[in-house]
Asker: 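Have a look at this one before I ask anything.
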Amino acid sequence: MKYEEALKKVTEYGQEHVLQFFAELSGDEKETLLGQIEQTDFSVLAKASQGDKEHNRGVITPIPAMKLSEIEGKKELYTEKGIEMIRAGKVGAVLLAGGMGTRLGSDNPKGMYNIGLTKEVYIFERIIRNLLDVVELTGCYVHLFIMTSEKNHEKTVAFLKEKKFFGYDENYVTFFLQDMAPASDYSGKVYMETKGLMSASPNGNGGWFSSMKRGGVLDIVHKAGIEWLNIFAVDNVLQRIADPCFVGATAINNCAVGAKVIRKAAPDEKVGVMCLEDGRPSIVEYYELTEELMNAKDASGEPAYNYGVILNYLFRVNDLEEIVSKEMPLHIVEKKIPYLSEAGETVKPETPNGYKYESLVLDMIHMLDSCLVFEVVREKEFAPIKNATGVDSVESARELLKLNGVEL
Ligand code: UTP
């Protein structure tokens, strides 16, 4: 993009200040800033005036879950179907690794974290190992798409190449970049991180499919004949990916999406729960769960909102393509955003100073008609690493890995 075009674009959104230091920049820096302006969707900033209050929710009612006992009875049928679909190349996997992992506090991408005790065991390694179980079972590779962000792309690619993809066939791995969203002060004015760079962050985990489309990766999906995409978070080291039983169950029950869920450990556990919202599948975040919903019981006397999501969803590609052009709700989140001070230095604030703009995968689910809520055994499939210590940490994940016979 040329300077004049960039100026026109930023002026349209009242963000001319981003070009304030342009004349001082080197040739490369100028190019980077013009490129960033070209890529940036400034329209989101108009939402700053709404603040970070949550969207109004519809009427929440319980959604039936397919429980472990029911799955057990149909396990063979589902697994056979899933294996058949994987062998036909109809299933791809999408690793969401675009997050910043701020809570873990490592400078490297989260997947590069070594959780081993007596040897090196990386988060990426555990995830790929789990996927290799499916490769061994079916005799076929599942195409693995890895979403990174501008902030961690180079390190992630270099690391996985150096580790030879932990034994995964490189021909079945495709990286793609998540789109970025600008970060602003409370009035919607974009912060500058340096004189030649706007403050920006990945646009939330709901940005994965539109980023895939924009990056041209959807063409690979089509060419390969992939009909289903299993998305999953980088930080659950017990994550079972392209699990044939789950794949088969979602397809046989003709659902647009399948969601792996765990029975909650306590009514106030900090996981989002599956529900219906105005009759459509949806998720209530833990901080939105009222006392009334927390204590509600179903016909059999069990908690009515008892199934927590673990960011492992199987989406039908056709249905995703129908919703991708629709506008997704934008979540405005108050965050600490590094910015350029008057003195021309980058400041890392101690307290929140503005907004980031994110879309969330849970909103994609709400846009779809049907969802299979599929229970899994939490001790076998849920070991998230969000923090260094305490709840959902490296420590708790190590214990769970050991329970599952993984040497660390
Ligand atoms: P989290 O919501 O835990 O966010 O991501 P995070 O950025 O990894 O960690 P914190 O909150 O800064 O500590 C859940 C999953 O979604 C991915 C993450 O990589 C993780 O696998 N994610 C999140 C993205 O891929 N892109 C995003 O913009 C946000």
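Each ligand, and each atom within it, is numbered from 1 in the order the structure gives. Note that this is a predicted model, so its numbers are computed, not measured.
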Asker: Less than 3.5 Å apart, any donor N or O on the side chain of Glu5 or Tyr3 sitting next to an acceptor on the other?
Answerer: no
Asker: Provide the number and element of each atom of ligand 1 under 4.0 Å from a heavy atom of Ala233.
Answerer: 15 (C), 21 (O)
Asker: Any side-chain donor paired with an acceptor under 3.5 Å for Asp185 and Ser187?
Answerer: yes
Asker: Name the closest protein heavy atom to atom 23 (C) of ligand 1, giving the residue it belongs to and the distance to 0.1 Å.
Answerer: Gly99 CA, 3.7 Å
Asker: Once you measure the plane-to-plane angle for Phe165 and Phe175, does it fall in the parallel (<30°), tilted (30-60°) or perpendicular (>60°) bin?
Answerer: tilted
Asker: Which residue owns the protein heavy atom closest to atom 16 (O) of ligand 1, what's the atom, and how far is it?
Answerer: Asn205 CB, 3.8 Å
Asker: Establish, from distance only, whether the side-chain atoms of Arg214 and Gln39 form a donor-acceptor pair under 3.5 Å.
Answerer: yes
Asker: May I ask you to check whether Val234 has an N/O atom sitting below 3.5 Å from an N/O atom of ligand 1?
Answerer: yes
Asker: Picking from Thr102, Asp235, Asp392, what satisfies side-chain hydrogen bond (donor to acceptor under 3.5 Å, both in side chains) with Lys386?
Answerer: Asp235
Asker: Compute both the distance and the angle, then confirm whether Lys30 meets the cation-pi test with Phe22: under 6.0 Å from the six-membered ring centre, within 45 degrees of the axis.
Answerer: yes
Asker: Should one rank Lys386, Met100, Arg103, Gln178 by closest heavy-atom distance to atom 13 (O) of ligand 1, which comes out on top?
Answerer: Arg103
Asker: Looking only at protein heavy atoms, which one is nearest to atom 12 (O) of ligand 1, and how far off is it?
Answerer: Thr102 OG1, 2.4 Å
Asker: Out of Trp228, Phe209, Trp208, which one pairs with Phe315 under the ring-ring contact (aromatic ring centres under 6.0 Å, His included) rule?
Answerer: Trp208
Asker: Measure the distance from atom 20 (C) of ligand 1 to every protein heavy atom, then report the residue, atom name and distance (to 0.1 Å) of the closest one.
Answerer: Leu96 O, 3.7 Å
Asker: Is the shortest N/O to N/O distance between Met147 and ligand 1 below 3.5 Å?
Answerer: no
Asker: Just distances here: any N/O of Gly101 and N/O of ligand 1 closer than 3.5 Å?
Answerer: yes
Asker: Report the residue from Tyr355, Tyr191, Tyr357 that forms a side-chain hydrogen bond (donor to acceptor under 3.5 Å, both in side chains) with Ser184.
Answerer: Tyr357
Asker: For atom 15 (C) of ligand 1, what's the nearest protein heavy-atom neighbour? Residue, atom name and distance, please.
Answerer: Leu311 CD1, 3.6 Å
Asker: Is there a polar contact between ligand 1 and Gly98, counting only N or O atoms under 3.5 Å apart?
Answerer: yes
Asker: Quick one: does ligand 1 sit under 4.0 Å from the side chain of Pro202, the backbone, both or neither, non-hydrogen atoms only?
Answerer: both
